[in-house]
Amino acid sequence: MDTPESERAANLEGGYDPEAIEAKWQERWVDEEVYAYEGTEETDPNTTYAIDTPPPTVSGSLHMGHLYGHTLQDFAARFNRMHDGEVLFPFGYDDNGIASERLTEEDLDIRHQDYERREFQRLCREVCEEYENSFTEKMQGLGCSIDWNHTYKTIEPRVQRISQLSFLDLYEKGREYRKKAPAIWCPECETAISQVETEDDERHSHFNDVAFEVAGEDPPREEFVISTTRPELIPACVSVFVHPEDEDNQDLVGETARVPIFGHEVPIIADERVDMEKGSGIVMCCTFGDQKDIEWYQAHDLPLRVAIDETATMTDLAGDYEGRSTEEAREAIVEDLEDAGYLRDRREIVHDVGVHERCDTPVEYRVSKQWYVEILDHKAEYLEAGAEMDWYPEKMFTRYRHWIEGLEWDWLISRQRDSGIPFPVWYCADCDHPIMAERESLPVDPLSDEPPVDACPECGSEEFEAEEDVFDTWATSSLTPLINAGWDWDAESEEFTMDHPELYPFDLRPQGHDIISFWLFHTIVKCYEHTGEVPFDATLINGHVLDENREKMSKSRGNVVAPDEVIDEYPVDAIRFWAASAAVGDDFPYQEKDLTAGEKLLRKLWNASKLIDNLAPADPAEPNELEAIDRWLLAELDSAVEDLTNHLEEYEFAKARNRLRTFFWNTFCDDYLEIAKTREDSPSTQYALRTAHRTFLQLWAPYLPHVTEEIWQAVYARSEESNSDLESIHTDDWPAPQGYEADLAAGETAMEVISALRRYKSENQLPLNADLESVAVHGEIDGFEDAIRDVMHVADLEVLAEPPEITTEVASIDLDYSTLGPKYGSKVGEIDGGIESGEYEIDDEAGVLRVAGEELAEDLFEVELERSYSGDGEMLETESAVVIVG
RNA sequence: GGGUUGGUGGUCUAGUCUGGUUAUGACACCUCCUUGACAUGGAGGAGGCCGGCAGUUCAAAUCUGCCCCAACCCA
């Protein structure tokens with residue numbers, strides 16, 4: 001009977017079969033908890049690398065952004081796990097908030113209004129759980145080195161406790177307040193929302209020119225016209241504004257206007273916030289049409305006329321229109337204005353409307369009592385905190401700075417929703433004094449739990465009202481560093497503690513560039529206020545994956561590429577190799593053909609490993625002395641290791657990837673392996689081969705975790721035989737330079753000679769293993785003669801002490817412009833001209849070049865000679881050698 | 001409307017901060033070749049006025065200004 005693929009021991013037989021092998025390792029890594037974080041309080045924070053990854057919103061399926069973002073994080077996690085020590089790569093789900101409520105409503109085709117609160121919450125948990133399970137499965141299929149024991153959901157009780165602790169702490173620090181003020185309101189979701197939750201959307205609408213009569217005994221004129229896109233707000237009109245420099249309309253200032261149809265009278269006021277360019281330059285101010293109306297309401301102490309309620313239904317202030325939706329009222333009012341002769345013009349326009357990002361409903365502005373976190377007074381601190389972090393790429397800091405500089409509102413954190421984390425607050429029924437829950441009893445739900453006091457400390461009343469609001473999503477998701485570090489209140493010592501203080505501040509915060517302004521910002525605000533520290537040493541901003549035409553993927557465009565489909569087609573390792581191709585922070589397109597480069601690399605690595613396995617024993621002893629060619633390879637390897645380590649420490653994944661690929665493919669496979677084939681009996685070569693191979697596997701491991709693990713287990717790991725715990729390559733040590741010294745120049749020259757001989761064979765249509773009678777080389781190839789002879793099948797290799805008999809003539813003269821320029825300035829043009837026209841003289845005796853009346857010293861120019869060889873055989877030239885093939 | 005970032009062979013990209021005359025690599029294309037692993041491999045080749053215009057400079061993909069295009073953020 002066949003052994004199931006998943007249980008087959010690793011070996012190098014046959015071709016590489018990613019489909020079976022990748023699934024096998026993903027399963028074992030999870031089963032054997034290879035990536036479990038094992039640090040404790042005692043662990044040195046300097047050798048602990050902790051990532052705080054923003055938990056994905058539970059809103060559906062895995063997209064390319066998740067794949068790309070997590071792959072980048074995984075590069076960092078895997079490199080640091082090998083290089084530094086303990087790594088925490090946690091995972092969370094953001095299943096708390098409006099997004100998950102809407103998901104539930106859509107999934108079950110229900111409305112939250114039709115359910116009792118607890119019942120709806122239960123449904124949310126169920127729906128989210130299903131989505132989370134399938135998401136987890138897909139994440140594990142990406143092979144990320146996440147510690148699956150270290151996960152959280154933002155709705156779980158532990159996180160609820162942390163959220164409520166955070167609320168109480170900020171309240172005690174005087175950083176939170178409750179205030180009745182205008183706030184952005186979503187009539188569909190029936191909750192206040194914050195500014196960052198709105199976005200602009202283009203909508204078709206009409207501009208309506210409406211006549212207002214001027215009231216009073218002796219008006220300067222009969223009427224004036226205002227333009228509005230929202231006639232349904234006319235009953236809410238509280239004043240009319242004119243710009244103070246608007247000469248045409250100055251006569252109106254100080255007069256009173258009569259609102260058409262509704263008949264109430266409002267003052268006409270001068271204010272420089274009026275946009276004179278728009279319409280007639282006269283505008284009405286309502287409760288509330290836009291943000292400017294709010295500013296006017298505050299600046300001029302205007303009354304409130306609330307004509308639209310929380311469900312976008314007209315109130316009794318709208319008279320006959322009461323009970324209609326804003327849409328219906330708009331049409332009806334326009335008709336009635338026309339009938340009454342007030343409508344002067346009506347034209348179609350397209351304009352931007354603020355809508356709620358979760359449901360695309362145009363938002364309203366409503367006065368309501370809400371909780372705020374005060375942030376405007378600490379802008380300088382938050383800017384300073386952001387500047388303390390390392391930004392990768394650095395330029396992304398600008399976005400953060402501009403965001404903070406442009407802040408105009410404190411952070412509204414209360415939401416009138418069902419499923420969320422409740423505010424741990426009750427209010428005195430008589431005097432409205434807030435009663436905070438006690439820290440020990442958190443999490444609490446004021447709707448079902450009792451307040452911690454029997455009587456109001458202010459007025460003695462014994463009646464309390466529970467706060468019904470829940471926290472804004474970001475009030476919780478801004479706490480992820482504290483959640484991951486196990487932040488809590490210790491009642492005995494009366495201070496905040498962390499289960500894992502060694503993790504905080506976190507080493508890395510990865511995220512897309514679109515959420516710098518709210519998610520990252522809010523996280524810094526919260527953690528900074530709680531701990532007085534910046535929560536992250538560094539932040540890594542990933543770009544977006546675009547479609548093959550460089551356009552943003554979106555459902556409406558239908559150009560979304562689902563990661564599942566890509567993973568079905570291509571090895572995860574190949575996808576990872578592609579993901580490493582873009583500079584961090586840059587958007588880049590997904591093109592299927594780019595994945596073939598990764599596939600080819602996997603095959604190359606596999607095949608090279610097979611060859612090495614045939615050429616040398618797995619663990620050869622180190623010889624006393626290495627031969628030149630082998631020492632050369634290991635010295636080059638040292639330098640690659642050093643470069644790679646530097647790149648990875650700087651999160652330069654693309655640079656590291658390209659450096660490693662070039663060295664592995666060109667230098668190692670194309671050059672060294674071919675030579676090694678002819679030297680398999682040499683203990684020196686055997687040792688170098690194996691050392692390089694082990695090192696390559698380790699260097700590739702962060703990028704190609706599956707194939708390197710398979711080869712590692714097949715060849716080097718002992719866990720298979722000893723039946724002990726898995727000795728994964730991913731928990732092995734990152735290679736360090738071994739200090740090999742070699743004549744790198746001679747090695748380079750030798751490789752040039754080999755290249756030249758290959759080209760010679762290729763051009764003469766000879767097989768590469770064709771024998772060459774005799775070859776003479778003039779150039780520094782000390783110690784590499786045998787290598788050249790063997791790999792190129794040269795019968796007789798001669799190293800010439802003197803250049804071969806050649807006649808030379810000057811082909812060109814290269815000038816060293818970087819020294820020539822500063823020295824001769826504008827004379828350079830003449831010098832160039834002199835050389836071009838042949839009006840120059842080379843004085844070999846003095847070692848100078850005379851041109852354009854100047855004498856250029858030896859180090860300023862280089863004479864390129866055209867060599868022609870008149871002896872036997874054919875001459876081949878390389879950068880630093882001359883080769884004669886006999 | 002304001003700001004940020006980017007525009008390099010057919011495609012993707014390195015190089016731009018720190019200016020130096022031969023602009024990197026991959027994919028695709030063309031020609032040739034069975035090196036003891038890999039033909040899904042190897043050796044070669046063709047393909048670029050570095051978005052446009054002006055300026056600074058002996059010298060500009062690189063610095064400056066303006067313009068065009070795209071993405072993102074903010075109005």
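On a predicted model such as this, the values are computed, not experimentally measured, just so you know. Proteins get letters first, then strands, A, B, ... in listed order; numbering begins at 1 in each.
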Pairing check on [N]: which nucleotide meets the Watson-Crick or G-U wobble criteria with it, both distances under 3.5 Å?
N: U4(B); value: A71(B)
N: A14(B); value: none
N: C66(B); value: G52(B)
N: G41(B); value: C33(B)

For the side chain of [X], counting heavy atoms from C-beta on, which of [options] is nearest?
X: Q591(A); options: U4(B), C12(B), A43(B); answer: C12(B)
X: A597(A); options: C33(B), U11(B), C27(B); answer: C27(B)
X: L611(A); options: C58(B), A37(B), A43(B); answer: A37(B)

May I have the distance from N769(A) (atom CG) to G41(B) (atom P), rounded to whole angstrom? 20 Å
So, under a plain 3.5 Å distance rule, would you say the side chain of K827(A) forms a donor-acceptor pair with the base of C58(B)? no
Presence of [X] side-chain N/O under 4.0 Å of [N] phosphate oxygens OP1/OP2:
X: W665(A); N: G42(B); answer: yes
X: K600(A); N: G41(B); answer: yes
X: K604(A); N: G42(B); answer: yes

Residue from Y365(A), F288(A), F241(A) passing ring-ring contact (aromatic ring centres under 6.0 Å, His included) with Y297(A): F288(A)
Pairwise side-chain contact, Y824(A) with L860(A), heavy-atom cut-off 4.5 Å (strictly under): yes
For residues Y570(A) and W578(A), determine if any side-chain heavy atom of one lies less than 4.5 Å from a side-chain heavy atom of the other. no
Starting at the 5' end of nucleotides 68-75 of chain B, put B wherever the base has a protein heavy atom under 4.0 Å, S where only the sugar-phosphate does, and a dash everywhere else. ---SSSSB
Summary of protein contacts for nucleotides 15-25 of chain B, nucleotide by nucleotide, where a base hit scores B, a sugar-phosphate-only hit scores S (4.0 Å, heavy atoms): S----BB----
Counting the atoms with a prime plus P, OP1 and OP2 as sugar-phosphate, which does A583(A) contact under 4.0 Å by heavy atoms, base, sugar-phosphate, or nothing? sugar-phosphate
Under 4.0 Å between any heavy atoms, over every strand shown, what does E674(A) touch: base, sugar-phosphate, or nothing? Just pick one. base
When you compare [N] with [M], how far apart are their [atom1] atoms, in angstrom units rounded to a whole number?
N: A61(B); M: G42(B); atom1: P; value: 34 Å
N: U11(B); M: C63(B); atom1: P; value: 24 Å
N: U16(B); M: A23(B); atom1: C1'; value: 12 Å
N: A70(B); M: U24(B); atom1: C1'; value: 25 Å
N: U64(B); M: G19(B); atom1: P; value: 12 Å
N: A60(B); M: G55(B); atom1: P; value: 12 Å
N: G45(B); M: A26(B); atom1: P; value: 13 Å
N: C53(B); M: U62(B); atom1: P; value: 12 Å

Return yes if a side-chain donor-acceptor contact under 3.5 Å exists between D587(A) and H544(A), otherwise no. no
